[in-house]
Amino acid sequence: MAEVDYSIAKFLGDNWFLIIIALIALYYFKKVFNDLRHRYFAWFMYIMTKEKSKKIEEMKGDHFSSLSSIVSNNPELRKENAIKILEIGVGTGTNFAHYPQNCRLVVVDPNPHFASYYNDNRTKFGNIHSEEIIVCGGEDMDMVESNSIDVVVMTLVLCSVTDVKQCLKQIIRVLTPGGKFFFIEHVRDFDSEKHGTRQKIQDFLTTFQIWPTLFDGCYLDRKTLEMVKDAGFSSVEGEHLYVPLGQLEKTGLGPSIQNFIFQVVTPHAKGIATK
Ligand SMILES: C[S@@+](CC[C@H](N)C(=O)[O-])C[C@H]1O[C@@H](n2cnc3c(N)ncnc32)[C@H](O)[C@@H]1O
């Protein structure tokens with residue numbers, strides 16, 4: 001045993017310089033690789049969202065329709081008939097068309113490579129007072145004042161958030177009393193009798209880190225509705241549904257790849273939680 005210890009110490013002693021160089025190289029490789037991964041994902045989402053699916057837009061239109069009847073907790077905004085919305089994980093900005101006229105929009109996203117797509121998109125919606133992206137995760141948005149937001153929106157983001165509990169805690173903190181959290185998220189299939197195979201594929205792709213590596217940390221196996229219900233909102237109205245993602249056209253992907261992607265992300269949860 002002592003001999004083994006000695007040989008390890010000798011190896012480290014003889015090669016310390018090379019080991020330090022290798023560690024530094026590994027650190028930079030990881031940094032460059034992560035940056036490339038974020039860049040590719042921002043571009044991929046841009047490609048996937050530039051053509052809007054009619055069915056998804058209809059579903060969103062229905063889900064967000066009650067936004068226009070929300071009255072702000074802020075007296076100044078109330079005078080202008082406006083509300084303050086925080087969108088977490090805004091990406092390219094796919095929800096602008098569903099926001100009420102004159103609303104104030106604060107957005108956060110940890111991936112800085114979305115900024116150019118988001119900025120291009122927001123110029124088309126002059127009726128919304130949107131701000132630049134604050135580059136941070138939903139778990140870390142301490143710069144957003146407590147009790148200052150009328151509505152928080154998240155679409156297809158909780159699958160990627162590293163610490164879902166902490167993010168939901170932050171949402172409750174920033175919402176005004178009675179404020180609403182609107183969410184639409186893809187989830188682990190909720191029907192094990194009919195879709196056990198899909199659940200197994202979702203679990204496999206997630207456990208072996210295949211899906212999270214390809215799609216910037218996205219997990220297919222989350223039970224998001226249950227997590228929102230456990231988070232401490234005063235009420236949660238939510239449902240599970242299958243979203244017809246297969247209607248997206250012109251994404252540039254072949255039909256079989258597209259079909260496979262859509263099959264594993266079609267189970268969704270959507271709802272509105274109240275603080
Ligand atoms: C699939 S995209 C959805 C983008 C947009 N919400 C939409 O519906 O088109 C996932 C988004 O979540 C963001 N994201 C990843 N981790 C996050 C985190 N911890 N907090 C907030 N957003 C995050 C990604 O950068 C990306 O913009």
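Please read all numbers here as calculations on a predicted model, not as lab measurements. Just so you know, ligand 1 is whichever comes first in the structure, and atom 1 is the first atom listed for that ligand.
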Which residues end up grouped with Leu156 if you chain together Ile, Leu, Val, Met, Phe, Trp and Tyr wherever their side-chain heavy atoms are less than 4.5 Å apart?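 Noted: Leu156 shares its cluster with no other residue.
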**Message:** So, using salt bridge (charged side-chain N to carboxylate O under 4.0 Å, His left out) as the criterion, who are the partners of Lys84 when residues are at least two apart?
**Reply:**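 Residues passing salt bridge (charged side-chain N to carboxylate O under 4.0 Å, His left out) with Lys84: none at all.
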Qualifying residues under salt bridge (charged side-chain N to carboxylate O under 4.0 Å, His left out), relative to Glu131, sequence neighbours excluded =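 Glu131: no salt bridge (charged side-chain N to carboxylate O under 4.0 Å, His left out) contacts found.
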Original post:
For the residue pair Phe125 and Phe96, does the interplanar ring angle fall in the parallel (under 30°), tilted (30 to 60°) or perpendicular (over 60°) class?
Top reply: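 Taking Phe96 first and then Phe125, their aromatic rings lie parallel (interplane angle under 30°).
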Any chance the rings of Phe44 and Tyr46 have centres within less than 6.0 Å?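 Centroid separation for Phe44 and Tyr46: 6.0 Å or greater.
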Between Phe182 and His63 (judged by ring centroids, cut-off 6.0 Å), do the two rings come close enough to count as a pair?
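Yes, the ring of Phe182 comes within the 6.0 Å limit of the ring of His63, centre to centre.
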Neighbouring residues of ligand 1, heavy-atom cut-off under 4.0 Å: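 Protein residues near ligand 1 are Phe41, Met45, Glu87, Ile88, Gly89, Val90, Gly91, Thr94, Asp109, Pro110, Asn111, Phe114, Gly137, Gly138, Glu139, Thr155, Leu156, Val157, Ser160, Val161.
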